Number of protein chains: 2
Amino acid sequence: MDSDVDYDVFGAACPSRPVLEDVTGRWGSLAMGALADGPMRFNELRRRVEGVSQKMLAQSLQALERDGLVNRQVQSTFPLKVEYSLTPTGEVLAAKLLDLIGYLTGSMPSILDAQQSYDQAHAKT
Amino acid sequence: MDSDVDYDVFGAACPSRPVLEDVTGRWGSLAMGALADGPMRFNELRRRVEGVSQKMLAQSLQALERDGLVNRQVQSTFPLKVEYSLTPTGEVLAAKLLDLIGYLTGSMPSILDAQQSYDQAHAKT
DNA sequence: CAGTATCCGATGAGATACTG
DNA sequence: CAGTATCTCATCGGATACTG
């Protein structure tokens with residue numbers, strides 16, 4: 001029926017590339033990972049993703065919302081309440097992302113060793 | 001035995017963060033994905049990862065080599081021959097990355113729909 | 001072939017101040 | 001509370017030219 005076209009992320013103009021950047025980018029990946037724990041409000045996310053600024057968090061969330069990976073639900077009470085959550089597609093991607101992150105953090109001891117060796121071998125003077 | 005410390009990527013100063021950026025970054029992720037097909041030379045990689053410049057490919061590969069995820073093997077023949085390959089840890093991460101990318105490209109039809117709806121709803125004027 | 005060096009414009013990203 | 005607006009600086013990233 002469909003899929004007579006394949007999206008190839010290695011292709012220069014493939015529309016999947018910017019989406020991949022939204023998902024795996026510096027703040028997008030951490031926002032996705034945080035939301036995997038369940039729905040969260042803006043400032044909760046901001047506290048969870050340490051070091052992110054208002055501006056970058058808002059920007060990252062908007063990109064993910066546009067891609068249909070994150071839902072944004074506003075409650076026009078006072079004070080304002082906005083809750084972010086993953087869509088079904090977003091959930092799957094977040095799980096795969098957390099799998100990768102988990103393996104990476106588990107490998108940190110050996111990675112730090114590698115970095116030290118490298119820096120030592122490439123030290124100037 | 002070990003692991004009385006946990007590396008938390010959500011922590012602002014965690015050393016895992018820059019590594020995650022090397023792996024999931026714009027060109028790093030594509031280089032890792034390409035190398036999952038097997039060892040490759042510099043210019044082969046350059047052709048496979050469409051749109052990457054010499055500068056950025058070299059920079060990304062150096063970061064991944066420093067993290068111990070990519071091996072660089074030089075043959076000092078003439079012309080020079082340099083072969084890049086994944087380390088065992090790099091292989092695992094590349095597989096997880098390709099899993100994510102595969103799901104993402106498979107979801108592209110619905111993602112493109114979402115983007116269109118979003119753009120329409122947020123059109124100015 | 002596999003890079004490095006340099007220049008330069010575009011984007012990323014933080015700080016601060018303001019608004020519905 | 002949940003953002004937007006503006007300013008500013010750093011880094012990203014492409015083009016071009018050069019080297020072992």
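Model, not experiment: these values are computed from the prediction. Throughout, protein chains are lettered first and strands after them, A, B, ... in sequence-line order, and every chain is numbered starting at 1.
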With respect to the phosphate group of [N], does any side-chain polar atom (N or O) of [X] fall under 4.0 Å of OP1 or OP2?
X	N	answer
A/Arg41	D/dC1	no
A/Arg26	C/dG12	no
B/Gln54	D/dT16	no
B/Gln62	C/dT4	yes
A/Tyr84	D/dC1	no

Both distances under 3.5 Å, Watson-Crick or G-U wobble: report the partner of D/dG20, or none.
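Across all strands, the one nucleotide that pairs with D/dG20 is C/dC1.
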
Base, sugar-phosphate, or nothing: which does [X] touch, judged by heavy atoms less than 4.0 Å apart?
X	value
B/Arg72	sugar-phosphate
B/Glu83	nothing
A/Gly51	sugar-phosphate
A/Gln75	nothing

Without swapping roles, check the side chain of B/Ser85 against the backbone of B/Pro39 for a donor-acceptor pair under 3.5 Å.
no

Main-chain N/O of B/Tyr84 paired with B/Arg72 side-chain donor or acceptor, under 3.5 Å
no

Can you see which heavy atom on B/Ala31 is nearest to which on B/Leu45, and at what distance?
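B/Ala31 and B/Leu45 have their closest heavy atoms at O-CD2, 4.2 Å.
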
Could you say whether A/Met56 or A/Phe78 is positioned toward the 5' end of DNA chain C, judged by the nucleotide with the nearest heavy atom to each?
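Residue closer to the 5' terminus by nearest nucleotide: A/Met56.
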
Verdict with reasoning, A/Arg66 to A/Asp22, per salt bridge (Lys or Arg N to Asp or Glu O under 4.0 Å):
CA-CA 10 Å; A/Arg66 186 176 104 98; A/Asp22 294 340; over 6 Å; no

